[in-house]
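Encoded as structure tokens, the structure appears first; notes follow it.
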Amino acid sequence: MNKYTDQQILDKVAATEGFTGIPDGVWIVGIRSSADVYNVFDDKFFVYRGNTFLFAMSGTTNPGDYALKNFNKYGAKGAAVVKADKWYNDVWAVGMHKRRIKALVQVGSFDIIRDNNKNNASGDAGSVSSESWIGINLHPSSYNLALKTKPAIIGAWSAGCQVINDVQAFNKLMTTVGAQKRVSYCLLKEF
């Protein structure tokens, strides 16, 4: 993953589809790795408050092997891959992921590409549909909030969700978001 200055990220998000201005509160930028190693946490998330960078986290913006190979168990047309190079304004709110853990849960629409070829890649090319409330949440890669290790393999942790593999950084994110009503997200491809 390339290294970026705060200004490079801010300039890129300002030129991205759907940009309406930098949010005042906490918001998140996800950057999908161009290496896109299959079933591996190789993406980055950058947390901002307004124009101020707060901290970064590692994770994935892609579905894992389980969803890509078994999407039919979800009754879907394919595994959900969030379209990159797009803003998703006010898309998340604090809630419960699978009734098991406090997370950022989907309350707005995402543009989704359905990957249904069951190969060893998370495809982000194809037809795009706008989908509301299908459960594209931002959550950690464990239900154990005391976990100190960072798993490398996505597995079944993402069927389209944006997943943080550093639980301690995820805990910090949830504390930082606090009682904020909505969280915006900008997903970029590595640039």
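Quick note: residue numbers are just sequence positions, from 1.
How far CG of Asp6 is from CG of Asn51: 10.0 Å, rounded to the nearest 0.5 Å. Separation of atoms CG (Asn116) and CD1 (Ile113) is listed at 12.0 Å; rounding is to 0.5 Å. Between Ser158 atom OG and Tyr66 atom OH the span is 13.5 Å, to the nearest 0.5 Å. Taking OG of Ser34 as the start and NZ of Lys189 as the end, the distance is 10.5 Å to the nearest 0.5 Å. Atoms CD and CZ, on Gln8 and Phe191 in that order, are 6.0 Å from each other to the nearest 0.5 Å. We find the CG-CD1 distance between Asn137 and Ile101 to be 11.5 Å, quoted to the nearest 0.5 Å.
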(request) Determine, stepwise, if the pair Val40 / Ile153 fulfils side-chain contact (heavy atoms from CB on, under 4.5 Å). (result) CA-CA 5 Å; Val40 171; Ile153 304 301; 4.3 Å; yes

(request) Applying side-chain contact (heavy atoms from CB on, under 4.5 Å), run through Leu104 and Gln180 and close with a yes or a no. (result) CA-CA 11 Å; Leu104 296 180; Gln180 184 173 312; over 6 Å; no

(message) Would Met96 and Val105 count as a side-chain contact (heavy atoms from CB on, under 4.5 Å) here? Give the steps.
(response) CA-CA 7 Å; Met96 296 299 288; Val105 298; 5.7 Å; no

(request) Report the C-alpha distance between Asp43 and Thr61 in whole Å, list the side-chain angles of each, state the deciding distance to 0.1 Å, and finish with yes or no for side chain to side chain donor-acceptor pair (under 3.5 Å). (result) CA-CA 7 Å; Asp43 300 329; Thr61 65; 2.9 Å; yes

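Although no hydrogens or angles enter the test, the distance criterion places a donor-acceptor pair under 3.5 Å between the side chain of Arg114 and the main chain of Gly78. In this structure, the side chain of Gln162 engages the main chain of Gly160 through a donor-acceptor pair within 3.5 Å. In this structure, the side chain of Trp92 does not engage the main chain of Val107 through any donor-acceptor pair within 3.5 Å. Listed for the Thr16 side chain is a donor-acceptor partner under 3.5 Å among the backbone atoms of Lys12. Of the possible polar contacts, one joining the Asn39 side chain to the Asp65 backbone as a donor-acceptor pair under 3.5 Å is found. In this structure, Asp42 contributes its side chain and Val37 its backbone to a donor-acceptor pair below 3.5 Å.
When each of Asp166, Asn165, Thr60 is tested with Ser141 by the rule side chain to side chain contact (heavy atoms under 4.5 Å, CB included), just one qualifies, namely Asn165.
Scanning both residues, His139 and Cys161, for their nearest heavy atoms gives NE2-CB, 3.4 Å. Scanning all heavy atoms of the two residues, the minimum distance from Ile28 to Phe45 falls at CG2-CD2, 4.1 Å. Heavy-atom minimum distance, Asp115 versus Val81: CB-CG2, 4.1 Å. A pairwise comparison of heavy atoms in Lys86 and Asp111 identifies CE-OD2, 3.0 Å as the closest pair. A pairwise comparison of heavy atoms in Arg49 and Thr176 identifies NH2-O, 3.4 Å as the closest pair. Heavy-atom minimum distance, Tyr185 versus Gly30: CE1-N, 3.5 Å.
Under the 6.0 Å cut-off for aromatic ring centres, Phe55 and Phe46 do not qualify, their centroids lying 6.0 Å or more apart.
Qualifying salt bridge (Lys or Arg N to Asp or Glu O under 4.0 Å) partners for Lys118, counting only residues two or more places apart in sequence or in other chains: none. Not a single salt bridge (Lys or Arg N to Asp or Glu O under 4.0 Å) links Lys102 to another residue, sequence neighbours left out.
Side-chain contact between Gln7 and Leu10 is present, with heavy atoms from C-beta onward closer than 4.5 Å. Under the 4.5 Å side-chain criterion, counting only non-hydrogen atoms from C-beta, Trp27 is not in contact with Arg182. In this structure, the side chains of Lys69 and Asn120 come closer than 4.5 Å at one or more pairs of heavy atoms. Side-chain contact between Phe110 and Ser130 is absent, with no heavy atoms from C-beta onward closer than 4.5 Å. You'll find the side chain of Tyr4 stays beyond 4.5 Å of the side chain of Lys44, heavy atoms only. Contact of the Val29 side chain with the Ile31 side chain is registered, since non-hydrogen atoms from C-beta on lie closer than 4.5 Å. In this structure, Tyr48 and Cys186 have side chains that are not in contact, with every pair of non-hydrogen atoms separated by 4.5 Å or more. For the pair Leu138/Leu173, a side-chain contact is recorded, criterion being any heavy-atom separation below 4.5 Å from C-beta on.
In the hydrophobic clustering of ILVMFWY residues, with side-chain heavy atoms under 4.5 Å counting as a link, Leu54 and Ile164 come out together. Residues Leu145 and Phe41 fall within the same hydrophobic cluster, defined by Ile, Leu, Val, Met, Phe, Trp and Tyr side chains chained together at heavy-atom separations under 4.5 Å. At a threshold of 4.5 Å between side-chain heavy atoms, the hydrophobic network of Ile, Leu, Val, Met, Phe, Trp and Tyr places Met1 and Tyr38 in two separate groups. Cluster membership for Val47 and Val94, using ILVMFWY side-chain heavy atoms within less than 4.5 angstrom, is shared. When hydrophobic clusters are built by joining Ile, Leu, Val, Met, Phe, Trp and Tyr residues whose side-chain heavy atoms come closer than 4.5 Å, directly or via intermediates, Ile22 is grouped together with Ile9.
Look at Lys83 and Glu17 and you find a salt bridge, because one of the NZ, NE, NH1 or NH2 atoms lies within 4.0 Å of a carboxylate O, short of that distance.
Cation-pi geometry between Lys77 and Phe71 is not met: the NZ or CZ atom fails to fall both under 6.0 Å from the ring centre and inside 45° of the normal.
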